[in-house]
Amino acid sequence: MSLPMQVEVAFSPGPRQIDRVRVTLAAGASAAQALAASGLVARHAELVGAEGLAFGIGGRLVAPDTPMQPGDRLDICRPLKVDPKEARRQRYRAQGEGGRRRVSGSRSR
């Protein structure tokens, strides 16, 4: 007989927002089962049938069928809307010439 385990499932619907749920699962439950048990899909419409969602445990991407371990935190990651490099280029262009500083050397004078 296997004992139940507790894991945490976290999703960020937007910047600086985190929805975390602690769930109790049967031993050997998968990441996809943890998401289903969390109720996050019912609370966040963007998770329903979403493509491009990624699952992470301990900062590493995992497959939806990865077995969870007691105490794990499952992060549900949204797909990126903008490539991070492109976002940085856009911020740089938006600063204009007045906001850009050229730094030379490693010491400030």
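The residues of the chain are indexed from 1 along the displayed sequence. Keep in mind the model is a prediction, meaning the values are calculated, not measured. Hydrogens, waters and symmetry mates are skipped; everything else that's a heavy atom, side chains included, is used.
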Residue R22 excluded, over 12 heavy atoms near CZ under 6.0 Å: yes

Where V21 and S38 come nearest, the two heavy atoms and their spacing: CG1-O, 3.6 Å

Of all pairs that satisfy ring pair (Phe, Tyr, Trp, His ring centres under 6.0 Å), the ones with a partner from residues 54-90, not counting sequence neighbours: none

Qualifying ring pair (Phe, Tyr, Trp, His ring centres under 6.0 Å) pairs, either residue in residues 3-47, two or more places apart: F11-H44

From CD (Q95) to CD (Q90), nearest 0.5 Å: 13.0 Å

Closest approach of A34 to V23 (non-hydrogen atoms, all atoms of both residues): O-CG2, 4.4 Å

Of Q33, M5, Q6, the residue whose pairing with M68 passes side-chain contact (heavy atoms from CB on, under 4.5 Å): M5

More than 12 heavy atoms of other groups within 6.0 Å of R88 CZ: no

Atom of A63, atom of A31 and distance for their closest heavy-atom approach: O-CB, 4.1 Å

Shortest non-hydrogen separation from L25 to A37 and the atoms involved: CD2-CB, 3.7 Å

Residue list, side-chain hydrogen bond (donor to acceptor under 3.5 Å, both in side chains) with R73, at least two apart or on another chain: D75

Atom of T24, atom of P4 and distance for their closest heavy-atom approach: CG2-CB, 3.6 Å

Under 3.5 Å: donor-acceptor pair, side chain of S30, backbone of T66: no

Shortest non-hydrogen separation from G71 to V7 and the atoms involved: N-CG1, 4.3 Å

Within-4.5 Å side-chain heavy-atom neighbours: I76 and L53: yes

